[in-house]
Number of protein chains: 2
Amino acid sequence: MKEKQLPKYMQLKQEILSWLHAGKLKANDQMPSENEIAEQFQMSRQTVRQTFGELEQEGWLYRMQGKGTYVSTPHTQKSRDVQTIGILTTYISDYIFPHIVRGAESALRARGYRLLLSSTDNDKEKEKESLQMMMSQPLSGLIIEPTRSAEGNPNLSFYLSLDYQHIPYLMINERYPEMNCPSLIVDDEEGGFKAAQHLIELGHRRIAGFFKTDDLQGVNRLKGFLRAHQQYQIPLLPELVIHYTTDEKGQKPYESAIDLITQQAERPTAFVCYNDELAIHLLEAVRTTGLQVPQDISLVGFDDSSLALATEVKLTTLTHPKTQLGTDAAELLIDMIENKRRNGSEAGKVYTPELIIRESTIRVMPSQIG
Amino acid sequence: MKEKQLPKYMQLKQEILSWLHAGKLKANDQMPSENEIAEQFQMSRQTVRQTFGELEQEGWLYRMQGKGTYVSTPHTQKSRDVQTIGILTTYISDYIFPHIVRGAESALRARGYRLLLSSTDNDKEKEKESLQMMMSQPLSGLIIEPTRSAEGNPNLSFYLSLDYQHIPYLMINERYPEMNCPSLIVDDEEGGFKAAQHLIELGHRRIAGFFKTDDLQGVNRLKGFLRAHQQYQIPLLPELVIHYTTDEKGQKPYESAIDLITQQAERPTAFVCYNDELAIHLLEAVRTTGLQVPQDISLVGFDDSSLALATEVKLTTLTHPKTQLGTDAAELLIDMIENKRRNGSEAGKVYTPELIIRESTIRVMPSQIG
DNA sequence: TCACTCAACTTGTATGTACATATGGCGAGC
DNA sequence: GCTCGCCATATGTACATACAAGTTGAGTGA
């Protein structure tokens, strides 16, 4: 019999809570007096007082000297059940993030959770501020999109204190390798591979790749891009791989694309773009040189965002779960909270991007072949 | 001597709190044991326990069985200062809303407020749920984007209870006429007027208007559209004004546009679209009929969203403050909270949309003139 | 009929005792 | 030098008693 008997006052508390849940006692009903309960349960009035004290603290009962003890209104009771979950993303308004937030928000609302939202603008210092503010009041769980994950994790101590406080959390899109928690990620390497493979199978041999490499997403897409070239034994000229950072995204890739088209002896026949946003941007760049997509240059985007359908030439791109990712994250987190599952990386999920072939890619023209 | 002597346990509580405030006891210092205090203050251990119990409840102390009682970290104490503000929008992921949310979020974060986010999907029932959840825990203020504002306000009681609880709130984008609070709105009627005026001055005489009329935004844009026709004394055929609701937005305007082009004896030469999203959609519709924008049909969008620049033919559109609106809303609300300004409609702000002329509108061709 | 008193009941405060249980240090014994 | 067990001390639980203070209603008296 290792199992410990609950203290009497706790047993009484459970009993009374069960009365409330069973509807035996309704709002503003008067409770039996302390002495009545004491006699009925064969315990002293002091013990009953201890129980009533806790129940009052927790908002289930209220007491009036000289009159008696009463059941609180359901409003006051139920409100304690509303829990809050935080989401910390890099950006809010850009691109696919609103869809992730929306998926999570609707799942959370349906399950009765409130959503705290904060963004980091991909800035470690803001990530720290946001974590501090979020944790300053009771939090039931946290969904995190890591900030600049290719550069390590200076806010590790905050994440450790999440463990210490037993607050469940999970990561989306990317992960900090040193942390052991469930993560919902997209297999970006596979996506990069599929993009390059698609173009190679269409006969392209000079494919330029534009990748944002200050987050793991871009690094992994690049990795898959390279692996496809190796696997198909296509030599890849170093100047056909363009790296850029978040700060440079407005200029560098655009100018590099124009350079590649106009300067290179043999211009590339296809671009693999870090995402749809960049693809649209490079579509412009191609047009300014007088060339056409897809006749002269094939384009592959990433993420299947709304932008991919807004253009006249609909973009070939790779899917991103977006809303589904947000919904899955919220539901997994709620499951962790309600079933007290421990953290652990085994839980997560990996999404494989699927290629969507539209109008921006085309079999390489005979005239283009070197 | 009316003044009642405080109970002993309360006196002790005051005493211990004064120790904490005076810095006599620092974080994680060990308190004297219950028995020591009891002897020192000439009271029983039970009384000391009562005091300690309350101080523990309030977060000042924590107790460890067998070890002793300790002072909590200042973190736990000071954290009570972080306040929470809610934002209730119709949509989260769509269109310009992410920008509004982003503007508000960054302003709030900078000022040390947390952001609770919820959406209504333009559904009154969900609006009610969201309000309930938000108000279930302390809230310092609320930013509301009204749901289906053209159809009245069934959740009025919730808004009245905001007043009752002295929670400041303000409205963005639209307003419930019966409520007296600051509102930040865009002068949509002026926008509708400018859109029509622009086309009229380019010589267009048969201008079709597509408006979503289940919210006030669309109704007002339509109003301005009509006013321009009156002012320039252009007769407007009833069949050139297309109404639709949120549910119909995928089909009705698209089909109506094709009908207008193909069925009408004299097809319209320009479309005024409820927003950029619809404009892109109708751009497609025009293309399927073999006509071109802007040569055959001029298009005006609304809101200057990122979509307006994604297309090959850059959209002529009207500005929307978006991020600025979110930032302004957050800062006004913080001002109301911190300076205890009362609600009142005098505070708000009205933004006037500006016309941005791009490539989708053109002077009417001689061949087009009936 | 009205106002007052008072008894009986409620919860609030205060103290005393007893034992249970968790912690940490000390010393005996290996 | 290490381990084990004991002990002192801390908080946790439980019960008993006493009186204070607020509420209610029945009973009393003018």
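Because the structure is predicted, anything quoted here is derived from the model rather than measured. Order of the sequence lines fixes the chain letters, A, B, ..., with proteins taken first and strands second; residue numbering starts at 1 for each chain.
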Winner on side-chain proximity to B:Lys67, out of C:dT23, D:dG12, C:dT11, is C:dT23
Practice problem: Return yes if the base of D:dG22 and the side-chain atoms of A:Arg63 contain a donor-acceptor N/O pair under 3.5 Å, otherwise no. | Solution: no
Nearest-angstrom distance from the residue atom [atom1] of [X] to [atom2] of [N]:
X       : N      : atom1 : atom2 : value
B:Glu34 : C:dA18 : CD    : C1'   : 15 Å
B:Asn35 : D:dG12 : CG    : P     : 12 Å
B:Ile37 : D:dT11 : CD1   : C1'   : 14 Å
B:Phe41 : C:dT15 : CZ    : P     : 13 Å
A:Gln11 : D:dT13 : CD    : C1'   : 12 Å
A:Met43 : D:dC15 : CE    : C1'   : 11 Å
A:Arg49 : C:dT10 : CZ    : C1'   : 11 Å
A:Tyr9  : C:dT21 : OH    : C1'   : 13 Å

Ranking A:Met64 and A:Gln50 by the position along DNA chain D of their nearest nucleotide, the one closer to 5' is A:Gln50
Walking DNA chain D from its 5' end, the first of B:Met31 and B:Gln46 to be reached, judged by nearest nucleotide, is B:Met31
Does OP1 or OP2 of [N] have a side-chain N or O of [X] closer than 4.0 Å?
X       : N      : result
B:Ser44 : C:dA14 : no
A:Ser33 : C:dT10 : yes
A:Thr47 : D:dC15 : yes

Taken to the nearest 0.5 Å, the spacing of B:Glu34 CD from B:Glu36 CD works out to 11.0 Å
Side-chain ion pair, B:Glu338 and B:Arg111, N-O less than 4.0 Å:
yes
Next on the checklist: Please determine whether the number of non-hydrogen atoms from other residues, nucleotides or ligands lying under 6.0 Å from atom CD of B:Glu39 exceeds 12.
Outcome noted: no
Test ring-ring contact (aromatic ring centres under 6.0 Å, His included), reference B:Tyr70, set B:Tyr62, B:Trp60, B:Phe52, output is B:Tyr62
May I ask you to say what A:Glu36 touches in the nucleic acid, namely base, sugar-phosphate or nothing, with a heavy-atom cut-off under 4.0 Å? sugar-phosphate
Flag for B:Thr120-B:Glu127: side-chain donor and acceptor within less than 3.5 Å: no
